[in-house]
Amino acid sequence: MMSDRVALKGMRFRTRVGVLPHEAELPQPVEVDLAVTVEDTVRPPDVVDYVALYAAVAEVMATPHIAYLEDAAERVAAAALLVKGVRTATVSVRKPHVPLPGPVAFAEVSITRERDG
């Protein structure tokens, strides 16, 4: 079986994400990558509405507060799977400002989800 992949990389948002009190109050930068595979039934093949994909991510990132990067990734994947023609969604969510005791470029969560049926 062949599959085609469409990706939006490095989408940047300012959102409230994290479990610390200040993270619930102050928006911070978050970067999202979304890659989807396209159903063979889409005509013409490998055509997916990029605007709809971006809008799905932006809507999730506009949520007033998300406690965990894992929650953000799950919500983005679920929204992407609702876009016509999308069979699977791979999402990476990165947060550069993480309160750790040493230097780190970012924290990242990556997941892959498949449409039921």
Side-chain angles (χ1 to χ4, degrees):
M1 177 196 235
M2 295 182 357
S3 70
D4 297 319
R5 186 176 169 182
V6 174
L8 299 176
K9 300 277 189 168
M11 292 176 279
R12 293 183 184 105
F13 303 93
R14 291 192 58 77
T15 191
R16 293 174 178 90
V17 62
V19 295
L20 299 176
H22 74 275
E23 293 175 313
E25 298 298 322
L26 301 172
Q28 58 187 296
V30 173
E31 191 169 283
V32 180
D33 296 338
L34 171 63
V36 301
T37 58
V38 181
E39 293 179 343
D40 297 334
T41 58
V42 175
R43 295 288 179 253
D46 70 13
V47 173
V48 169
D49 185 347
Y50 294 19
V51 174
L53 288 175
Y54 185 90
V57 177
E59 186 174 340
V60 170
M61 292 296 110
T63 302
H65 176 245
I66 301 171
Y68 298 99
L69 293 180
E70 292 85 348
D71 292 340
E74 287 287 350
R75 293 176 191 185
V76 168
L81 290 172
L82 295 175
V83 173
K84 181 181 177 203
V86 173
R87 185 177 62 222
T88 66
T90 298
V91 179
S92 295
V93 181
R94 285 180 292 284
K95 184 168 97 167
H97 303 295
V98 288
L100 295 175
V104 63
F106 52 81
E108 179 179 67
V109 171
S110 295
I111 66 168
T112 299
R113 300 295 180 261
E114 187 171 344
R115 180 182 287 185
D116 292 331

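All values below come from the heavy atoms of this structure, side chains included, with hydrogens, waters and symmetry mates left out. Index from 1, following the sequence. These figures come from a predicted structure and were not determined experimentally.
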> Should V48 and V86 be marked as a side-chain contact (heavy atoms from CB on, under 4.5 Å) after you check the CA-CA gap, both sets of side-chain angles, and the distance that decides it?
Replying inline: CA-CA 7 Å; V48 169; V86 173; 4.1 Å; yes
>> V57 vs L8, test: side-chain contact (heavy atoms from CB on, under 4.5 Å). Steps then yes/no.
In response: CA-CA 10 Å; V57 177; L8 299 176; 5.8 Å; no
>> Please evaluate residues L53 and V36 with respect to the criterion side-chain contact (heavy atoms from CB on, under 4.5 Å), reporting the C-alpha separation (whole Å), side-chain torsions for both, the decisive distance (0.1 Å), and the verdict.
In response: CA-CA 9 Å; L53 288 175; V36 301; 4.1 Å; yes
>> V76 vs M61, test: side-chain contact (heavy atoms from CB on, under 4.5 Å). Steps then yes/no.
In response: CA-CA 8 Å; V76 168; M61 292 296 110; 4.1 Å; yes
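Residues satisfying the side-chain hydrogen bond (donor to acceptor under 3.5 Å, both in side chains) criterion with T15, sequence neighbours excluded, are absent altogether. Looking at residues two or more places apart in sequence or on another chain, you find a side chain to side chain contact (heavy atoms under 4.5 Å, CB included) between A73 and V91, V93, V109, I111. Legend: residues meeting side chain to side chain contact (heavy atoms under 4.5 Å, CB included) with A7, ordered by chain and number and at least two apart, are K9, A35. Under the rule for a side chain to side chain contact (heavy atoms under 4.5 Å, CB included), the partners of A52 that lie at least two apart in sequence or sit in another chain are D49, V83.
The two residues L20 and P99 have their closest heavy-atom pair at CD1-CG, 3.4 Å. The two residues A79 and A56 make their nearest non-hydrogen contact at CB-CB, 3.8 Å. Here the closest heavy-atom approach between residue A89 and residue L34 is recorded as CB-CD1, 4.1 Å.
Results of the side-chain hydrogen bond (donor to acceptor under 3.5 Å, both in side chains) test with T37 over T88, T112, D4 single out T88 as the only residue that passes.
With side-chain heavy atoms closer than 4.5 Å counting as contact, directly or through intermediates, the hydrophobic cluster containing V98 also holds L100, V104.
Within the structure, every pair that satisfies the side-chain hydrogen bond (donor to acceptor under 3.5 Å, both in side chains) test and touches residues 51-76, not counting sequence neighbours, is listed here: E74-R113. Sequence neighbours left out, the pairs with a member in residues 94-108 that pass side-chain hydrogen bond (donor to acceptor under 3.5 Å, both in side chains) are E23-K95, E31-R94, D33-R94, R94-E108.
Linking Ile, Leu, Val, Met, Phe, Trp and Tyr whenever their side-chain heavy atoms come within less than 4.5 Å leaves V17 and L26 in two separate clusters. Under the 4.5 Å side-chain heavy-atom criterion for Ile, Leu, Val, Met, Phe, Trp and Tyr, Y50 and M11 are members of the same hydrophobic cluster.
Using a distance-only test at 3.5 Å, with no hydrogens or angles considered, a donor-acceptor pair links the side chain of R16 to the main chain of E25.
The shortest distance between side-chain heavy atoms of V38 and V6 falls below 4.5 Å. S110 has its side chain out of reach of T90: every pair of non-hydrogen atoms, C-beta onward, lies at least 4.5 Å apart.
If you take CZ on R87 and CD on E114, they are separated by 7.0 Å, rounding to the nearest 0.5 Å.
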